[in-house]
Structure formats: C-alpha cells, structure tokens
Amino acid sequence: MTRSLGRPARVRRSAAAGAVAAALGGSLLAGCSSDPFEAYCERVEEHQEALTEAVAGGGPDALLSVLPQLRDLRDAAPGDVVDEWQQVVGRLEALEDALEDAGVDAASYDREDPPADLAEDERTAIDAAARELVRPQTAQALAVLETQVRDVCQTPLYL
C-alpha cells in the first residue's frame, strides 16, 4: 500500500521539477534575443561595406583584403552554413599562406610573369591554392552563403 502511494508522490515531484525547469528555461530564453541569427546578421551589416568595396574593386587580392572580415563571419555563422564558410575562408587562407611562404605580394603577383626569384615549388603551391579557390565547390559555397544571408538577414552579403 505504501508503495502505491509512493509512486504518485514521485510522479508529482518529477512533474513539479519538470515545471520548474521549463519555467527557468523559458525565463532564460526570454532574456536572450528572440532572433538566433541577430549577432550573425549584425556582423554581416558591419562588414558589408568592406566586402562591397573588395568585390567592386576586383583585382587579384580583392578577397584576400577582406579575409579578416570573412573569418569573422565564418566564426559567427549559424550551424547550417559553417561548412560553406569554411570552404570559402579555408581556400583563401591556403592561397594567402602560399603567397606569404613565397614572399609574394598578392596585389602584384602575375602568374604569367612571376618574380624571377620565385622557386618552382613556391609557384606550384600558389597555383594549386589558386585552383582550389576557383573550383566549383568554392563558387557553390559562396552562392549558398549569398543566398542564406539574403534570406536570413534580409540584406545582401555585399551591395
């Protein structure tokens, strides 16, 4: 008999604990922003001008010049586009590393007329990194990011 009375008491305690947890969880969530993408979208807006200028300016080092901003966006990105941000930023970082290792300035590097002192292995590394950057996977990742930013943040990645 005691046993049958004990179960309902445990169930009541469990239900009460669940209600308290739900109330606490609800109050904690209410203290946070209702938009989980707010910080990401704020960063997009912060970097939009620099990204716009880089794209408009073109040139061989356009995206490398905004690599810090792209890293920041990657770090703030929501989970559904982390892979795409890593694809774009990772390819740019690989090119930046290859250029730095070779001691070559991205703005002045000409593949058809490389510096005379550029070693063959350095040129090969730069070419390989550049090929990876322009692969369809990277272009597709960038297209996904542009669409996602427009859909989620209601603004383009760059103007």
Show your working on salt bridge (Lys or Arg N to Asp or Glu O under 4.0 Å) between Arg135 and Glu132 and close with a plain yes or no.
CA-CA 5 Å; Arg135 288 186 61 165; Glu132 287 297 314; 3.3 Å; yes

Ignoring hydrogens, what is the shortest heavy-atom contact between Ala106 and Asp61? Give both atom names and the distance.
CB-CB, 3.7 Å

How many angstroms lie between CZ in Arg74 and CG in Asp83, if you round to the nearest 0.5 Å?
12.0 Å

Polar side-chain atom of Glu49 near backbone of Glu46 as donor-acceptor pair, under 3.5 Å:
no

Using side chain to side chain contact (heavy atoms under 4.5 Å, CB included), reason through Arg71 and Glu93 one step at a time and then give a plain yes or no.
CA-CA 10 Å; Arg71 285 181 181 128; Glu93 288 174 335; 2.8 Å; yes

Starting at CD1 of Ile126, measure out to CG of Asp97 and round the result to the nearest 0.5 Å.
11.5 Å

With rounding to the nearest 0.5 angstrom, report the CG to CD distance, Asp105 to Glu100.
10.5 Å

Are Val82 and Leu70 connected in the hydrophobic side-chain network, where two residues link if heavy atoms are under 4.5 Å apart?
no

If two hydrophobic side chains count as joined below 4.5 Å and joins carry through other members, does Leu145 share a cluster with Phe37?
no

To the nearest 0.5 Å, how far apart are CG in Asp127 and CD in Glu120?
8.5 Å

When every non-hydrogen atom of Ala130 is compared with those of Leu95, the smallest separation belongs to N-CD1, 4.0 Å

Euclidean distance, Leu63 CG relative to Leu142 CG, rounded to 0.5 Å
7.5 Å

Examine distances only and state if a side-chain atom of Arg111 and a backbone atom of Arg123 form a donor-acceptor pair shorter than 3.5 Å.
no

Between Arg43 and Gln69, is there a side-chain heavy-atom distance shorter than 4.5 Å?
no

What closest approach, in Å, do Ala62 and Ser65 show between heavy atoms, and which atom pair accounts for it?
O-OG, 2.6 Å

Tell me, with the steps shown, if Leu64 and Leu99 meet side chain to side chain contact (heavy atoms under 4.5 Å, CB included).
CA-CA 11 Å; Leu64 289 174; Leu99 290 164; 3.7 Å; yes

State, yes or no, whether a side-chain contact exists between Leu73 and Leu51 at a heavy-atom distance under 4.5 Å.
yes

Identify the two heavy atoms, one from Glu96 and one from Leu67, that lie closest to each other, and give their separation to 0.1 Å.
OE1-CD2, 3.4 Å

So how far is it from Glu53 CD to Leu159 CG, rounded to the nearest 0.5 Å?
10.5 Å

Transitive ILVMFWY side-chain link Val144 to Val89, under 4.5 Å
yes

Any chance the side chains of Thr155 and Gln48 put a donor and an acceptor closer than 3.5 Å?
yes

When you compare the side chain of Pro78 with that of Gln148, does any pair of heavy atoms fall below 4.5 Å?
yes

Same apolar cluster: Val66 and Leu133, side chain cutoff 4.5 Å:
yes

Take Tyr40 and Val81 through the test side chain to side chain contact (heavy atoms under 4.5 Å, CB included) and record every step on the way to the result.
CA-CA 11 Å; Tyr40 176 64; Val81 290; 4.2 Å; yes

